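Report on one structure; see the data block that follows.
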Amino acid sequence: MPELPEVETVANGVHERVHGARIRAVSLGPHKEPLKSAPAHIEATLTGARIEGVRRVGKTIVMDVKQRNGKPAQATIHLGMTGRLLVSDRNVPLPPHTHVTLHLDDKRDVRFVDPRRFGRMGIVDEGTTYEGPGKEPLTITADEFAALFKGRKTSIKAALLNQSLLHGVGNIYADESLFHASIRPARLAGTLKRSELNALHTALQKVLRHAIQLGGSSVSDYVDADGVRGFFQLEHRVYSRTGEPCKTCGKPIEKITLGGRSTHFCKHCQK
DNA sequence: CGCGGGCCCTGTGAGC
DNA sequence: TGCTCACAGGGCCCGC
């Protein structure tokens, strides 16, 4: 489901609701795929811990906690395609596909729900801090950004999706930022001129910030921690608009596959 | 090492 | 109306 703006929206919403709360107990569902760490380790780390904060790193939600013994620890939640992190009153029925429930000491739960089970929740190794696999798109400089793509033989679209380069960009925002930078997704990353990379750097940050302001994109059933939909899908120029007229030139938006994912662009506006 | 493709899952919606 | 099939916002793993 979620890319950087959606994960940011969820993390901020959960943070506002639960920071400072204590986790009284932890319940785990029957499936083990959604757990990145041993079930007993997740339970032992989080039971009795106080939630210090919830934030986003790349597409991952990081929950900073202070354990009963006073030691800091971190839980990570990656939402995959269909994951949700909900704060619910405990009397609200547990949704199907709930894999982890953190029972707070104030009659509320934090619930990790994921029908498709591509998401993962885990505990960060003791003594280390989660940094994510790549660079942060919102704060990377133009110089650092350009350096990422030097010598790359893959398409710029695939490179944008490579989380070990930039973390947080997914299919929607890769397509949208390439449109705003007027660059065709199939162009080889290593062949882009510095002026084009500068335009892409600017477009990417602008698109991501705008999407965060609108609470992310709600395609299908995405909702934030309050069950509220985002509105950035109304701003999409190319994503999921195959055959519809380009909002700049009127020619139909094309769809191809790159990096194994559907890729939308305007042949006329993007060079 | 870098890159592309297959695969992991369930739900939804288009098309028949 | 009801069924089947393709496809979905991600990323790991494997082989080349």
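Predicted model, so just to flag it, every value in this text is computed and none were measured. Within every chain, numbering begins at 1; the chains are lettered A, B, ... in the order of the sequence lines, protein sequences first and strands thereafter.
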Side-chain N,O ([X]) to OP1/OP2 ([N]) below 4.0 Å:
| X | N | result |
| --- | --- | --- |
| A:H97 | B:dT10 | no |
| A:K153 | B:dG4 | no |
| A:H167 | C:dG11 | no |
| A:K255 | C:dA8 | yes |
| A:T154 | B:dG4 | yes |

Return whichever of A:S262 or A:L161 has its heavy-atom-nearest nucleotide of DNA chain C closer to the 5' end. A:S262
Of the listed nucleotides B:dG11, C:dG11, C:dA8, the one nearest the side chain of A:R116: C:dA8
Of all the choices, B:dG2, B:dG11, B:dC9, which nucleotide is nearest to the side chain of A:P115 once you look at every atom? B:dG11
Donor-acceptor contact present, side-chain [X] to main-chain [Y], <3.5 Å:
| X | Y | answer |
| --- | --- | --- |
| A:R22 | A:G48 | yes |
| A:H15 | A:V54 | yes |
| A:R84 | A:T82 | no |

Does this structure show an ion pair linking [X] with [Y], if we count only N-O contacts that are shorter than 4.0 Å?
| X | Y | value |
| --- | --- | --- |
| A:R194 | A:D143 | yes |
| A:K107 | A:D89 | no |
| A:K206 | A:E176 | no |

So what does A:G260 hit on the nucleic acid, given a heavy-atom distance under 4.0 Å: a base, only sugar-phosphate, or nothing? nothing
If you look at every strand shown and take non-hydrogen atoms under 4.0 Å, does A:R152 touch a base, only sugar-phosphate, or nothing? sugar-phosphate
For atom [atom1], what is the distance between [N] and [M], given to the nearest Å?
| N | M | atom1 | result |
| --- | --- | --- | --- |
| B:dC9 | C:dC3 | P | 25 Å |
| C:dG11 | B:dT12 | P | 22 Å |
| B:dG11 | C:dT1 | P | 22 Å |

For the pair made of NZ in A:K32 and P in B:dC8, what is the distance, rounded to whole Å? 17 Å
DNA chain B in dot-bracket form (Watson-Crick or G-U pairs under 3.5 Å, [ ] crossing, | inter-strand) is .|||||||.|||||||
Would you state whether a donor and an acceptor, one from the side chain of A:R117 and one from the base of B:dC9, lie under 3.5 Å apart? no
In the single-linkage hydrophobic clustering (I, L, V, M, F, W, Y; side-chain heavy atoms under 4.5 Å), do A:I61 and A:L104 co-cluster? yes
